[in-house]
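The structure appears below as structure tokens.
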Amino acid sequence: MSEFEKIEGFTEEEQLDFEAELQEGYADIEDKYAVDTQQGFENVLVIDNIPVIDEGKKQKLVDRLRQLFAKAGAPIEEENISMPWDDKAATNKGFIFLTYPDAQQAENALRALDGAAFGKNTLYVNRFGDIERYANLPVGEGELPTGWREKTYVEKDHLRSWLGDSAGRDQYLTFRDQDVSIWWNNRNGTADAVKADGKPLKNNKWGELYLQWSPLGTYLSSLHRVGVALWSGPKLDGSIGVNVLRFTHPGVRLIQFSPLENYLVTWSEEPLDNFENHPNAALRETFGPEDEGNHFVVWDVKAQRVLRTFPADKPVQGEDGPQQMAWPSFKWSPDDAYIAKCNVGTGIAVYELPGMGLLDKKSIKIEGVQNFEWCPMSDKDFAARKAGKGKECSFVFWTPEAQNQPARVSIMSIPSRNILRAKNLFNVTDCKFYWQNQGDFLCVKVDRHARKAKSKKATFCNLELFRVREKDYPVEVIEFKDYVPQFAWEPQGNRFAMVSSNDPNYGQGIPGVVIKYNIDFYQLDQKKGDFIAIKHLDSKIANTLVWSPRGRHIALATIGSSQKFDVEFWDLDFVVDERREISEPGANVTMLASGEHYGITDIAWDPSGRYLATSASAWRQTPEPGYCVWDFKGQQLTHQPQDKFKQFLWRPRPSTLLTKEQIKKVRKELKEYSRQFDEEDAAEENRGSAEKLAQRQRDISEWNAWRLRNNKKLDSERSRLGKQKKSIINEINHDQDEKVEEIVEELIDETEEVVVG
């Protein structure tokens, strides 16, 4: 029955046309004056799956919820929480409304709280306007909205499957031109391509910008103009679309993983636009209006969601003009609990993860602060943290001299903000921090200038060595009259190496001049508790130090020179006769070998410490791009010059899962295992020899087949040419036999008469 009255004099067809026009007019009016469910409610959230309680537990529930919100970085006042109540049942309805001061805070709370655990419940957070919008979707019963599809569960491959290699081999990546390949590093310098479904891993999308492994080797990140892709599992090529995580950030150029790979920071030189009406759905869903103009994005890796975005810092003016942006701009705590940023001159902002809210709702105000570094955590620290007995995180920072106040280096614990140790410094130009990888020692390299010097450029250096594991953090000072461009702690050890130079040409950039350096090794004297020099190498040309990740071995390289490209291999515990006792410190420091890699630009050890890779990248205008692989003794195993070669990257490994007792047992039974390893080495060598012999035989067979084909062609050509030659000769002979008539005129006599008239 029609909702309109019958108009007298209208036929049924005219009545229907009139009603249709009238309804169309009403629809236009409704569209014109429709209420936008989003407008005015951008700062209101709805949280579902709240526990249902009675009146007596209401206040306790609100207090617990506020504690959770504050811990997640989304604090809210009690008066801004609205809990609908069912008067008949005398209980709440299982959801609440949160009203934040503005839309940006509401967005941050949405990202922080959605999916958060609250006791046995999981909280689900939505925007207030979204509920109305989704409720009015024109969908039939049992149907999904247009463009939506139900996703079937697909079991993912193990993300660390490469660790199960029976030979315990490491992987490395090579990037040449647009081709990216991943290899198994075999013994004796050979390599096998990593395969998936029997084919070498290849992906033509990897080579758009550059590549980077995550800290534990789980993900291979490839950078593209539209964002970042993380590839994992045995099929890194992502041929099935499995184990590929994508993070949309237009123009991304730099990325940084957190130490435990839970989070990611991306940076683009281009600020984010307002993508509210952008045709790309991924951009609309990822970023909101509050992200416009920002350059940094902090991501949750597994959830693939934005935690927060940040603007770029204003350029800092230095003596030589605007300084380049420091990278990384954000620094992670070793346990992935915090991310912090130094606001130069004012303080350090520490954000709690995953909520990305400021610690205690405010930055740490430190007037004049210049830089900071988090203290690493050892395996013992992580074990203690799991047992609930771990110590707080901490970082070191420094402030320069101001008025009558000296410069100062301080160590602060987080979240308590207690100062654990402070040290005053004088005549400071700059400070650099070097933590030992287990957090046992800290070196503050203090570049200093003369007290009355007009220029504030560094002319000499002090090393302030903090023994962090000891009571009151004792400090030892080692003074140098020379400039120290590089310093490096031995991993897992108590030694360090440093490069110094008193060459007057240092830093002048004079073409063709070779700078001389000094290399020094120091070791902690366990009896005295101080660091003592154990070896001094004078007038070296090496300017780069790279310790093996297992300690003991170190490589010295000359990088950045246009004339020298040396690589030296040193063993700090070299022993010829184990029965001979050596009392003099440093007597075991021995150079095992030296070599050269023409055009070297990069150097890196593999995770096992058994192999070293040197590479020459075309990105740095090297005269001969390519790479070399050496063993720890300095023997060159392979040399691969490659045109347009760009990157060589070892795949990192996570920490061992073996306990200390298991490691001790392996070392104790190492001789028995050595026999097995020797047999495997011999078999591998024989297999390599057999493969080489088979390859040579294949090459000879191919050569013989090619030679036979060409001999047949040559014989055929000779036969053809022979016939052609015979034909030409016959034609010449035939021409000679022909008779030719020729008329010759000959003058026999000539008489001249003179007539006289």
Side-chain angles (χ1 to χ4, degrees), residues 174 176 189 432 445 447 458-459 461 480-488 490 496-522 535-548 553-572 574 586 589-606 611-650:
T174 58
R176 177 190 181 188
K432 293 289 189 298
K445 185 173 75 71
D447 296 332
T459 56
C461 175
F480 290 92
K481 296 182 180 180
D482 304 331
Y483 183 67
V484 179
Q486 192 172 19
F487 177 99
E490 177 188 25
F496 66 82
M498 50 173 287
V499 178
S500 62
S501 178
N502 56 7
D503 193 318
N505 295 316
Y506 178 80
Q508 301 297 320
I510 304 175
V513 175
V514 178
I515 307 298
K516 298 290 185 178
Y517 297 91
N518 301 322
I519 312 293
D520 292 279
F521 298 95
Y522 282 76
K535 191 72 172 181
H536 175 77
L537 306 177
D538 195 18
S539 298
K540 305 290 289 185
I541 58 174
N543 56 11
T544 303
L545 305 170
V546 186
W547 283 96
S548 163
H553 296 95
I554 189 172
L556 312 180
T558 306
I559 296 179
S561 173
S562 59
Q563 294 180 314
K564 299 292 183 179
F565 311 96
D566 296 351
V567 181
E568 297 181 0
F569 296 81
W570 289 76
D571 185 351
L572 273 66
F574 184 79
V589 180
T590 306
M591 186 173 74
L592 303 178
S594 64
E596 183 182 70
H597 182 179
Y598 181 62
I600 178 175
T601 60
D602 300 280
I603 182 170
W605 288 90
D606 80 318
Y611 301 97
L612 177 82
T614 56
S615 58
S617 173
W619 285 332
R620 303 190 181 182
Q621 298 181 348
T622 181
E624 185 178 291
Y627 67 92
C628 296
V629 177
W630 317 67
D631 66 8
F632 69 96
K633 302 185 298 295
Q635 179 182 358
Q636 188 180 93
L637 303 178
T638 182
H639 180 208
Q640 296 286 340
Q642 296 181 358
D643 188 33
K644 298 182 181 180
F645 181 82
K646 298 175 181 177
Q647 273 186 294
F648 183 104
L649 299 174
W650 291 107

Rounded to the nearest 0.5 Å, how far does NE2 of H639 lie from OH of Y627? 10.0 Å
Taking distance alone, no hydrogens or angles, what donor-acceptor pairs closer than 3.5 Å link side-chain atoms of residues 591-605 to residues at least two apart or in another chain?
{"from": "H597", "atom 1": "ND1", "to": "T614", "atom 2": "OG1", "distance (Å)": "2.8"}
{"from": "T601", "atom 1": "OG1", "to": "S615", "atom 2": "O", "distance (Å)": "3.2"}
{"from": "T601", "atom 1": "OG1", "to": "S617", "atom 2": "N", "distance (Å)": "3.0"}
{"from": "D602", "atom 1": "OD1", "to": "R620", "atom 2": "NH1", "distance (Å)": "3.4"}
{"from": "D602", "atom 1": "OD1", "to": "R620", "atom 2": "NH2", "distance (Å)": "3.4"}
{"from": "W605", "atom 1": "NE1", "to": "V546", "atom 2": "O", "distance (Å)": "3.0"}

Using side chain to side chain contact (heavy atoms under 4.5 Å, CB included), reason through T174 and Q647 one step at a time and then give a plain yes or no. CA-CA 6 Å; T174 58; Q647 273 186 294; over 6 Å; no
Would you indicate whether Q621, at its atom CD, is surrounded by more than 12 heavy atoms from other residues, nucleotides or ligands within a distance under 6.0 Å? no
At their closest point, which heavy atom of P485 faces which heavy atom of S500, and how far apart are they? CD-CA, 3.9 Å
Could you walk me through whether Q635 and F569 satisfy the side chain to side chain contact (heavy atoms under 4.5 Å, CB included) test, starting with their C-alpha distance in whole Å, then the side-chain angles of each, then the deciding distance to 0.1 Å, before giving a yes or no? CA-CA 9 Å; Q635 179 182 358; F569 296 81; over 6 Å; no
K644 NZ to W619 CH2 distance, which is reported to the nearest 0.5 Å: 14.0 Å
Checking D631 now: which residues fulfil salt bridge (Lys or Arg N to Asp or Glu O under 4.0 Å) with it, not counting sequence neighbours? K633
Minimum heavy-atom distance between D482 and S501, given as atom pair plus value: CB-O, 3.5 Å
Under 3.5 Å, is there a donor-acceptor pair between the side chain of D520 and the main chain of V499? no
Please find the pair of heavy atoms, one from T638 and one from G189, that lie closest to each other, and give the distance. CB-O, 3.9 Å
Go through L537 and V589 one step at a time and tell me if the side chain to side chain contact (heavy atoms under 4.5 Å, CB included) criterion holds. CA-CA 11 Å; L537 306 177; V589 180; 6.0 Å; no
Residues M498, F480; criterion side chain to side chain contact (heavy atoms under 4.5 Å, CB included); working and verdict: CA-CA 11 Å; M498 50 173 287; F480 290 92; 3.3 Å; yes
Looking at W630 versus F632, is the centre-to-centre ring distance below 6.0 Å? no
Separation of E624 CD from D643 CG (nearest 0.5 Å): 10.5 Å
Using modelled atom types only, decide if a donor and an acceptor are shared between the side chain of Q486 and the backbone of L545 within a distance under 3.5 Å. yes
Of all heavy-atom pairs linking S539 and N518, the shortest is N-OD1, 3.3 Å
Using a 3.5 Å distance criterion without hydrogens, assess whether the side chain of D503 forms a donor-acceptor pair with backbone atoms of I515. no
Hey, could you give me the NZ/CD1 distance between K516 and I541, rounded to the nearest 0.5 Å? 6.5 Å
Would you call the rings of Y506 and Y517 parallel, tilted or perpendicular, taking 30° and 60° as the class edges? perpendicular
Taking all non-hydrogen atoms of both residues, which atom of A488 and which atom of W547 are closest, and how far apart? O-NE1, 3.2 Å
Using atom types as modelled and distance alone, determine if a side-chain donor or acceptor of K445 lies under 3.5 Å from a backbone N or O of F487. no
Heavy-atom count check: over 12 atoms from other residues, nucleotides or ligands less than 6.0 Å from K540 NZ? yes
Could you state the interatomic distance from OG (S548) to CD1 (I554), rounded to the nearest 0.5 Å? 10.0 Å
What distance do F521 atom CZ and W570 atom CH2 have between them, rounded to the nearest 0.5 Å? 6.5 Å
